[in-house]
S.K.: 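Got a structure for you, questions after.
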Amino acid sequence: MKLSRYHLPTLKEAPAEAEVISHKLMIRAGMIRKLASGIYSLLPLGVKVVRKVENIIREEMNRAHAMEVFLPSIQPAELWKESGRWDFYGKELLRITDRHGREFCYGPTHEEVITDIVRRDVRSYRDLPLNLYQIQTKFRDEIRPRFGVMRGREFSMKDAYSFDADDESANRSYIDMKKAYNAIFTRMGLNFRAVEADTGQIGGSFSHEFMVLANSGEDTIAHCDKCDYAANVERVELLPPKEISDGTPLPVEKVETPGKKAVEDVAEFLKLPASQFIKTLIFKTDTEQEFVAVLTRGDHEVNEIKLSRTIGANEIALASDEDVEKITNAPTGFAGPIGLPIPIVADNAVAGIKNGVTGANKKDTHIKNVNMARDFKNATLADIRNAIEGDACPRCDGGKLTMRKGIEVGHIFKLGTKYSESMNATFLNKEGKSRPMIMGCYGIGVGRSAAAAIEQNNDENGIVWPPAIAPFEVIVISLGKACDEVEKAADGIYKALQDSGLDTAFDDRNERPGMKFNDADLIGYPVQVIIGKRGLAEGVVEIKTRKTGEKKNVPMENTIVAVTGILEELIKAKKP
RNA sequence: CGGGGCGUAGCGCAGCCUGGUAGCGCGCCUGCUUUGGGAGCAGGAUGCCGGAGGUUCGAAUCCUCUCGCCCCGACCA
C-alpha cells in the first residue's frame, strides 16, 4: 500500500479527552475517530489491525470446530422476555421501538438469538455437539464509557456458543475453547493470564477471564505465589480466618471520637491499626428486608457481587445518608452492629477480630473492645469482601495472593441449561427423552484486544505492534523525491517485499524524512526499511527494528531475507 | 445517577475574573529555498466563542436554562 494514496491522518498531539495511552495512540496514529461518547469510527489503519485480530480468531475458532454465522444486531423483545432478561438486563440494554410500536433491542450479546436458531433445527443428540460463532457489533449502553475502544458502548465482539448433550461433553467444549483462546492470544503476541471469574449477568456455573496484564487495566487479578491459582479479585473465594476470636474479651467501652468518621481517621485518632476496626455499611437492597447492615474489617472492602449472592438480592446500593441516619440514629460514619434493627451480614474476617472498634450508632462516638461472639451474635457470617494482597490462597497451603492489573479481553462461560431451559432448546437423547442442551458461551473483545496490545506494547515514540496484528508487517521509507533514483529503488524493494508475501506499506509521500520517521515510529510497523541517497550509492538499505530501535545496513538484494528474519525473531521472542 | 471540570479555527490552548477590533502554537493553502528524525522565509484561508433566552448602548466574557464531552464514584464484558 502506497501511503501517498492512503488515508492516514496522524496527529502530533492527542485530543484532551484521551486518557489512557492506547486511546491516545490510536487517535494519533489515525486508527480511530470518535463519533459520540463510546462510539468510534475505524479509519483504514484501524480496520487493518482489526481484520488481523479477527482472522487469527477465525482460524483458531475454525480449528476448534466452531462454525461462523452472522446474527442480526437488532433483536425482538419477545426473545428477551422469553429468557427473562428483558426485565433483568437493566438500562444497559438499548431498547428500540419500530414504527409499529414493536419493541426491539440492539443486541448486547446473542444467547437468545443463537438459542432460538439452534432450538429450531437441532432435534437429536446426533446433531450435538455444536459450536457456532460470529463477529458482530454489539451495543451496551454503559453508564460511563471511557478509554476509547477499550470500553466503548458500541464494540465489536467475537461470540461463540456451544451446545452439548451431556455435562461431560459440555466440559470438553469448554476446555477446547479455553485452548483456542490460549492459542489466539498467544498468536496475537499478548502477555495474558486466564483467571477464574464471576459469571455476572450472563449467568452460568463457572467461567474464566482472559486478562492482558497491564497497569492501566480496570480489573484486578489475584494470583498465588505458590501455586498456579489465579482469579479476578471479585471472584476469589476467601477462606475464613483460622483463628476465631475466643481469647478474653475486654469490657465494652465507649470513646468520644468527635468528627472522626472514616476508618483511617478514627484509626489514627485512637492509634489502632485499621484491621482492628469493624466497618459497618448500610445497603439498600431489592429483597424483602430492604436494608441490610454489612460488616467488614476496617482494611477490607465489600464485594457487592458476593454480597448480592449471599443475601439473594438482584440490586444493591449503599443506603442514602437519610436512610442511614434513620436506621442508626446517628449521622453516617458512626454506624455499628450493636443494637441495629436490621439484619446484619458480617464478612468471615470479622469473626477473627478481638476487641475491635465499631461505631456506637451515636454522633461522635465509637465503641472499643467489641467481639462478635459476645456482642452481636445475630450476624450472619459469609465471604463478602474483595481479596487483598497477602490473603491466603484458597487452593494451596501456605500460598499468599498477590495482585496485578489486567484488561479483560476474553471471557468464557459454562452456561449450563439456563437459556436452553427458559427457551426450550431441547433434544432427544439416546433413550428418546427430551433434554435441555447444555450451553457455553465464549466472547472476545476484538477492538479491546487491539487496544490492550497497544497498552502492552508502546514507548515514548508510539506503538510497537506485535507483528501478527500490526497493520503492516514492514514499511519501506523512501527518502527520495517523486520519480528520482532513490524513490525508484524504494519502489522496487516495496514490490519485492510485497511479492514475497509480506504485508508491506510504502511511504512514498513527498514529505520530509523526519516526518516519515516519526510517523513510522508512531504507527509502529515492526520493521522499517529505509532507502536514502547515501545507502543507494553503496547498494545498501537501512533496516530498523521498531521494538529495539536497532538499525543495520543490509545489501539491497538481501532485504527480504533480513526483514523476514527480524519478523521471525520478534514472534519467537514473544513466546514464553 | 451523585461529585468535579471543560465546550473559543482541523488539533492543543489563551482571552472570561474586571463586558468594548477574537488571539497564540501546530496543522492547512500558495510561492521560493530545503530534504537522514515533525524545516526556513514570504504570503494566505479558516470561527454562529456548543445552543436558547436574559441583563446591557454593547456579551466569548455577567445571569438562567439547555445540549455535548471528559474525569472521580457507583455499575459493567
Side-chain angles (χ1 to χ4, degrees), chain A residues 9-20 23-24 27-28 30 33-39 89-93 108-109 138-148 150-153 155-159 197-203 207-211 217-219 232 234 281 283-284 301-302 304-305 308 315-321 406-413 441-449 452 461-462 477-482 484 486-487 509-522 528 530-536 541-542 544 549 551 553:
Chain A
T10 57
L11 260 32
K12 205 183 253 185
E13 289 170 290
E17 68 195 34
E19 181 77 2
V20 295
H23 189 193
K24 286 181 183 165
I27 293 171
R28 288 190 52 210
R33 289 292 183 263
K34 187 175 72 178
L35 216 214
S37 180
I39 302 177
Y89 211 92
K91 288 188 179 155
E92 258 154 54
L93 187 62
T109 174
K138 317 257 186 222
F139 194 95
R140 296 185 190 174
D141 201 355
E142 286 285 328
I143 298 168
R144 186 149 93 83
R146 58 186 133 178
F147 304 150
M150 197 113 99
R151 187 175 212 68
R153 292 191 293 172
F155 59 102
S156 170
M157 180 170 159
K158 186 285 304 179
D159 47 325
D198 190 81
T199 51
Q201 265 168 349
I202 306 288
S207 96
H208 283 86
E209 286 170 334
F210 286 77
M211 294 282 195
E218 290 185 272
D219 289 291
N232 192 312
E234 294 174 345
L281 299 172
F283 278 86
K284 187 169 185 170
E301 266 176 27
V302 174
E304 296 190 8
I305 296 169
S308 315
E315 268 179 62
I316 56 169
L318 274 174
S320 66
D321 286 1
I407 300 165
E408 181 191 348
V409 290
H411 200 160
I412 59 178
F413 304 81
C441 79
Y442 317 92
I444 292 178
V446 176
R448 187 184 278 188
S449 295
N461 296 317
I477 299 175
S478 163
L479 300 182
K481 274 184 282 210
D484 72 356
V486 174
E487 163 140 341
R509 295 175 300 173
N510 188 21
E511 294 286 355
R512 304 177 60 78
M515 168 99 184
K516 295 187 178 186
F517 292 143
N518 282 311
D519 263 4
D521 286 350
L522 172 63
Q528 301 171 11
I530 301 154
I531 293 120
K533 219 189 306 179
R534 293 195 315 238
L536 188 61
V541 298
E542 183 177 272
K544 174 176 165 180
K551 298 175 187 172
N553 287 324

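As the structure is a computational prediction, the values presented were derived from the model and not from experiment. Only heavy atoms go into these numbers, but all of them, side chains included; no hydrogens, no water, no symmetry mates.
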S.K.: Reckon A/G443 touches a base, only the sugar-phosphate, or nothing at all at heavy-atom distances under 4.0 Å?
M.R.: nothing
S.K.: So what does A/K481 touch, heavy atoms closer than 4.0 Å: a base, only the sugar-phosphate, or nothing?
M.R.: base
S.K.: Roughly how many Å is it from NZ in A/K284 to P in B/rG2, rounded to a whole number?
M.R.: 15 Å
S.K.: Taking B/rC16 as the reference, what is the distance to B/rC6 when you measure between their C1' atoms (whole Å, please)?
M.R.: 14 Å
S.K.: Between B/rG23 and B/rU46, how many Å separate the two P atoms, rounded to a whole number?
M.R.: 12 Å
S.K.: Ignoring hydrogens and geometry, is there a side-chain-to-backbone donor-acceptor pair from A/K158 to A/Y442 under 3.5 Å?
M.R.: yes
S.K.: Please confirm whether the shortest side-chain N or O distance from A/R512 to OP1 or OP2 of B/rA39 is below 4.0 Å.
M.R.: yes
S.K.: Send over the distance from A/K533 NZ to B/rG37 C1', rounded to a whole Å.
M.R.: 17 Å
S.K.: Has A/S37 got a side-chain N or O lying under 4.0 Å from the OP1 or OP2 atom of B/rG68?
M.R.: no
S.K.: Provide, to the nearest angstrom, the distance between the NZ atom belonging to A/K516 and the P atom belonging to B/rA39.
M.R.: 13 Å
S.K.: Given that both distances must come in under 3.5 Å, which nucleotide forms a Watson-Crick or G-U wobble pair with B/rC1?
M.R.: B/rG73
S.K.: Please state how far atom CZ in A/F517 lies from atom P in B/rA39, giving the value in whole angstrom units.
M.R.: 13 Å
S.K.: Judged by atom type as modelled, is there a donor-acceptor pair below 3.5 Å linking the side chain of A/R140 to the main-chain atoms of A/L93?
M.R.: no
S.K.: What pairs with A/K551 under side-chain contact (heavy atoms from CB on, under 4.5 Å), at least two apart in sequence or on another chain?
M.R.: A/E542, A/K544
S.K.: Which residues pass the side-chain hydrogen bond (donor to acceptor under 3.5 Å, both in side chains) test with A/K516, sequence neighbours left out?
M.R.: none
S.K.: Under 4.0 Å between a side-chain N or O of A/R144 and OP1 or OP2 of B/rC71?
M.R.: yes
S.K.: Paired with B/rU35: which nucleotide, if any, by Watson-Crick or G-U wobble criteria at under 3.5 Å for both distances?
M.R.: none
S.K.: With a cut-off of 6.0 Å (strictly less than), are more than 12 heavy atoms of other residues, nucleotides or ligands near CD of A/E301?
M.R.: no
S.K.: Considering only the P atoms, how many Å lie between B/rG38 and B/rG2, rounded to the nearest integer?
M.R.: 49 Å
S.K.: Sort out the partner of B/rG47 for me: Watson-Crick or G-U wobble, both distances under 3.5 Å, none otherwise.
M.R.: none
S.K.: By the 4.0 Å heavy-atom rule, please label A/E19 as base, sugar-phosphate, or nothing.
M.R.: sugar-phosphate
S.K.: Nearest whole angstrom, please: distance from the P of B/rG37 to the CD1 of A/I531.
M.R.: 17 Å
S.K.: Find every protein N or O atom lying less than 3.5 Å from an N or O atom of nucleotides 12-14 of chain B, and list the pairs.
M.R.:
residue : atom : partner : partner atom : Å
B/rG12  : OP1  : A/A16   : N            : 2.8
B/rG12  : O2'  : A/E13   : OE2          : 3.4

S.K.: Counting side-chain heavy atoms from CB outward, which of B/rG37, B/rA74, B/rG38 is closest to A/K551?
M.R.: B/rG37
S.K.: Considering heavy-atom distances to RNA chain B, does A/E542 or A/M150 have its closest nucleotide positioned more toward the 5' end?
M.R.: A/E542
S.K.: Within the distance-only criterion (no hydrogens, no angle test), does the side chain of A/R28 pair as donor or acceptor with the backbone N or O of A/T10 below 3.5 angstrom?
M.R.: no
S.K.: Applying side-chain contact (heavy atoms from CB on, under 4.5 Å) to A/R146 and A/V20, what does each step give before you reach the verdict?
M.R.: CA-CA 9 Å; A/R146 58 186 133 178; A/V20 295; over 6 Å; no
S.K.: Syn versus anti for B/rU21, judged by chi lying within 90° of 0?
M.R.: syn
S.K.: Taking any strand in view, what nucleotide pairs with B/rC62 in a Watson-Crick or G-U wobble way, both distances under 3.5 Å?
M.R.: B/rG54
S.K.: Please identify each residue that fulfils side-chain hydrogen bond (donor to acceptor under 3.5 Å, both in side chains) with A/E17, with sequence neighbours left out.
M.R.: A/K34
S.K.: Touch check for A/G447, heavy atoms < 4.0 angstrom, all strands: base, sugar-phosphate only, or nothing?
M.R.: nothing
S.K.: Taking atom C1' in both B/rA45 and B/rG27, compute the distance separating them and give it to the nearest angstrom.
M.R.: 13 Å
S.K.: Taking only residues two or more places apart in sequence or in another chain, which ones pass side-chain hydrogen bond (donor to acceptor under 3.5 Å, both in side chains) with A/S37?
M.R.: none
S.K.: Considering only the P atoms, how many Å lie between B/rC69 and B/rG50, rounded to the nearest integer?
M.R.: 16 Å
S.K.: Please measure how far the C1' atom in B/rG15 lies from the corresponding atom in B/rC62, and state the result in whole Å.
M.R.: 16 Å
S.K.: What's the CD1-P distance between A/I305 and B/rA74, to the nearest Å?
M.R.: 12 Å
S.K.: Is B/rC17 paired to anything, Watson-Crick or G-U wobble with both distances less than 3.5 Å, and if yes, which nucleotide?
M.R.: none
S.K.: Who does B/rG68 pair with, Watson-Crick or G-U, both distances under 3.5 Å?
M.R.: B/rC6
S.K.: Any side-chain N or O of A/K34 less than 4.0 Å from the OP1 or OP2 oxygen of B/rC70?
M.R.: yes
S.K.: How would you list, by chain and number, every residue that makes a side-chain hydrogen bond (donor to acceptor under 3.5 Å, both in side chains) with A/D219, sequence neighbours excluded?
M.R.: none
S.K.: How close or far is atom P of B/rG38 from atom NZ of A/K12, stated in whole angstroms?
M.R.: 9 Å
S.K.: Taking any strand in view, what nucleotide pairs with B/rA42 in a Watson-Crick or G-U wobble way, both distances under 3.5 Å?
M.R.: B/rU30
S.K.: Using heavy-atom distances to pick each residue's nearest nucleotide on RNA chain B, tell me which of A/G152 and A/F147 is more 5'.
M.R.: A/F147
S.K.: If I take atom CD in residue A/E511 and atom P in nucleotide B/rA39, what distance separates them, rounded to the nearest angstrom?
M.R.: 9 Å
S.K.: Taking B/rU18 as the reference, what is the distance to B/rA9 when you measure between their P atoms (whole Å, please)?
M.R.: 25 Å
S.K.: Can you tell me how far C1' in B/rG40 sits from the matching atom in B/rU34, rounded to whole Å?
M.R.: 8 Å
S.K.: Both distances under 3.5 Å, Watson-Crick or G-U wobble: report the partner of B/rC11, or none.
M.R.: B/rG25
